[in-house]
A.B. asks: 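Got a structure for you, written out below as structure tokens; questions coming shortly.
All ligand and atom numbering here is 1-based and tracks the order in the structure. Values in this document were obtained by computation on a predicted structure and should not be read as measured data.
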Amino acid sequence: MEIVRTISDMKLLRRRLTKPVGFVPTMGFLHEGHLSLVRRARSENSRVIVSIFVNPTQFGPNEDFETYPRDTERDLALLKQENTDVVFMPEPEEIYPPGAGTWVEVEGMTEILEGISRPGHFRGVATVVTKLFNITEPTYAYFGQKDAQQARVIQKMIEDLFMNLEIIVCSTVREPDGLAMSSRNIYLEGKERKAAPILYKSLQSAQSLWNRGERHAGKIRGEIVSLIESEPLAHIDYVSIADTETLQEIEDEIGYKALLSMAVKVGKPRLLDSIVLGGSA
Ligand code: AMP
């Protein structure tokens with residue numbers, strides 16, 4: 001496994017890699033969710049590149065950039081076990097040298113949902129992902145369904161900018177009690193950790209309403225909201241039922257599928273989860 005820290009070394013090394021090349025961008029502090037992406041990439045590609053980069057531009061001024069959990073040594077050991085070929089670990093100054101002034105904005109689907117609580121977040125994500133794609137030139141790039149809006153924004157960016165790669169969206173990996181794995185779960189304290197599976201429970205109850213034939217978005221949303229509100233430690237930021245392509249909110253009858261996504265604060269951390277009603281992930 002090669003560890004590369006500069007863009008010039010990464011580009012040189014990339015020239016030697018046989019295609020297809022799979023790429024998994026991460027912010028490190030790896031868990032089984034990340035590793036499921038790496039395994040999928042491993043099984044579908046000749047070479048696998050994983051990046052570890054806590055991207056400063058996707059954090060708001062009052063967010064946790066400085067304290068975001070980091071454990072590089074452990075991450076590298078895990079990636080080695082998964083037969084990763086290359087780990088790209090640049091410093092922020094490498095990706096954002098003085099004077100860098102170009103940004104990628106995906107309009108229409110970034111001002112809603114996560115974009116309301118986190119203005120500028122997707123501009124940071126789209127920009128860093130573009131830079132990482134340009135540096136690593138992957139054939140396939142792997143993203144998690146857990147961050148459903150992010151995956152959709154990246155897909156739209158690739159379509160709009162005619163980028164030469166394909167995005168693969170992988171299903172959410174969960175703890176045994178249903179909590180979606182996340183690096184930020186370590187912020188959950190005892191009681192909060194116990195309360196956190198309420199997100200998944202509410203998704204399951206929406207799924208069973210759907211399975212029984214319920215198609216009215218407002219009805220399903222209402223059930224979820226009251227279930228989450230029954231948990232005193234949980235505070236809803238949003239519960240959304242939206243078109244899977246445009247992410248625009250559906251108010252009445254759902255067609256054949258919809259993205260059900262939510263952000264809920266449980267204590268300090270703000271947790272995200274989602275499923276596709278009528279879909280597979
Ligand atoms: P992050 O390090 O949080 O930026 O995540 C890197 C990638 O891993 C993103 O594409 C996430 O959507 C994905 N990911 C994070 N958590 C999970 C999970 N529990 N299951 C599947 N993918 C995940």
A.B. asks: Tell me whether E63 is salt-bridged to R118, with the criterion being a basic N under 4.0 Å from an acidic carboxylate O.
C.D. replies: yes

A.B. asks: In terms of side-chain geometry, is the basic nitrogen of K257 or D243 positioned less than 4.0 Å from the acidic oxygen of its partner?
C.D. replies: no

A.B. asks: In terms of atom number and element, which parts of ligand 1 are under 4.0 angstrom from non-hydrogen atoms of L37?
C.D. replies: 7 (C), 8 (O), 10 (O), 13 (C), 22 (N)

A.B. asks: Counting only heavy atoms closer than 4.0 Å, does ligand 1 sit against the backbone of M181, its side chain, both, or neither?
C.D. replies: both

A.B. asks: Above 12 or not: heavy atoms from other molecules or residues under 6.0 Å from CZ of R70?
C.D. replies: yes

A.B. asks: Can you sort out which atoms of ligand 1 are near H31, meaning under 4.0 Å from one of its heavy atoms?
C.D. replies: 15 (C), 16 (N), 17 (C)

A.B. asks: Which residue and non-hydrogen atom of the protein lie closest to atom 20 (N) of ligand 1, and at what distance in Å?
C.D. replies: V173 N, 2.9 Å

A.B. asks: My understanding is that only one of R39, E44, R40 makes a side chain to side chain donor-acceptor pair (under 3.5 Å) with Y142; could you say which?
C.D. replies: E44

A.B. asks: Should C170 be counted as touching ligand 1, given the test is an N or O pair under 3.5 Å?
C.D. replies: no

A.B. asks: Going by the atom numbers of ligand 1, which of them fall below 4.0 Å from some non-hydrogen atom of T172?
C.D. replies: 20 (N), 21 (C)

A.B. asks: Salt bridge check: are D85 and R42 linked by an N-O gap of less than 4.0 Å?
C.D. replies: yes

A.B. asks: One pair to check against salt bridge (Lys or Arg N to Asp or Glu O under 4.0 Å): K268 and E189. What are the steps and the verdict?
C.D. replies: CA-CA 9 Å; K268 187 173 156 232; E189 287 164 9; over 6 Å; no

A.B. asks: Which residue and non-hydrogen atom of the protein lie closest to atom 21 (C) of ligand 1, and at what distance in Å?
C.D. replies: S171 O, 3.5 Å

A.B. asks: Give me the nearest non-hydrogen protein atom to atom 10 (O) of ligand 1 as residue plus atom name, then the distance to 0.1 Å.
C.D. replies: G144 N, 3.0 Å

A.B. asks: Between ligand 1 and A151, can you find any atom pair, the residue atom being a heavy atom, that is separated by under 4.0 Å?
C.D. replies: no

A.B. asks: Tell me the protein heavy atom at minimum distance from atom 14 (N) of ligand 1, and give that distance in Å.
C.D. replies: D147 OD2, 4.3 Å

A.B. asks: Strictly below 4.0 Å, N to O, side chains only: are E107 and R123 in salt-bridge contact?
C.D. replies: no

A.B. asks: Looking at every heavy atom in both I220 and A206, which two are closest together, and how far apart are they?
C.D. replies: CG2-CB, 3.7 Å

A.B. asks: Has ligand 1 got any nitrogen or oxygen that is less than 3.5 angstrom from a nitrogen or oxygen of M27?
C.D. replies: yes

A.B. asks: Who's closest to atom 23 (C) of ligand 1 heavy-atom-wise, of S51, S36, G33, G28?
C.D. replies: G33

A.B. asks: Taking only heavy atoms of P25 into account, list the atoms of ligand 1 that are under 4.0 Å away from them.
C.D. replies: 6 (C), 7 (C)

A.B. asks: With respect to F143, determine whether any N or O atom, backbone or side chain, lies less than 3.5 Å from an N or O atom of ligand 1.
C.D. replies: no

A.B. asks: L272 and A263: which non-hydrogen atoms are nearest, and at how many Å?
C.D. replies: CD2-CB, 3.6 Å

A.B. asks: Using distance alone, decide if ligand 1 has a nitrogen or oxygen within less than 3.5 Å of any nitrogen or oxygen in H34.
C.D. replies: yes

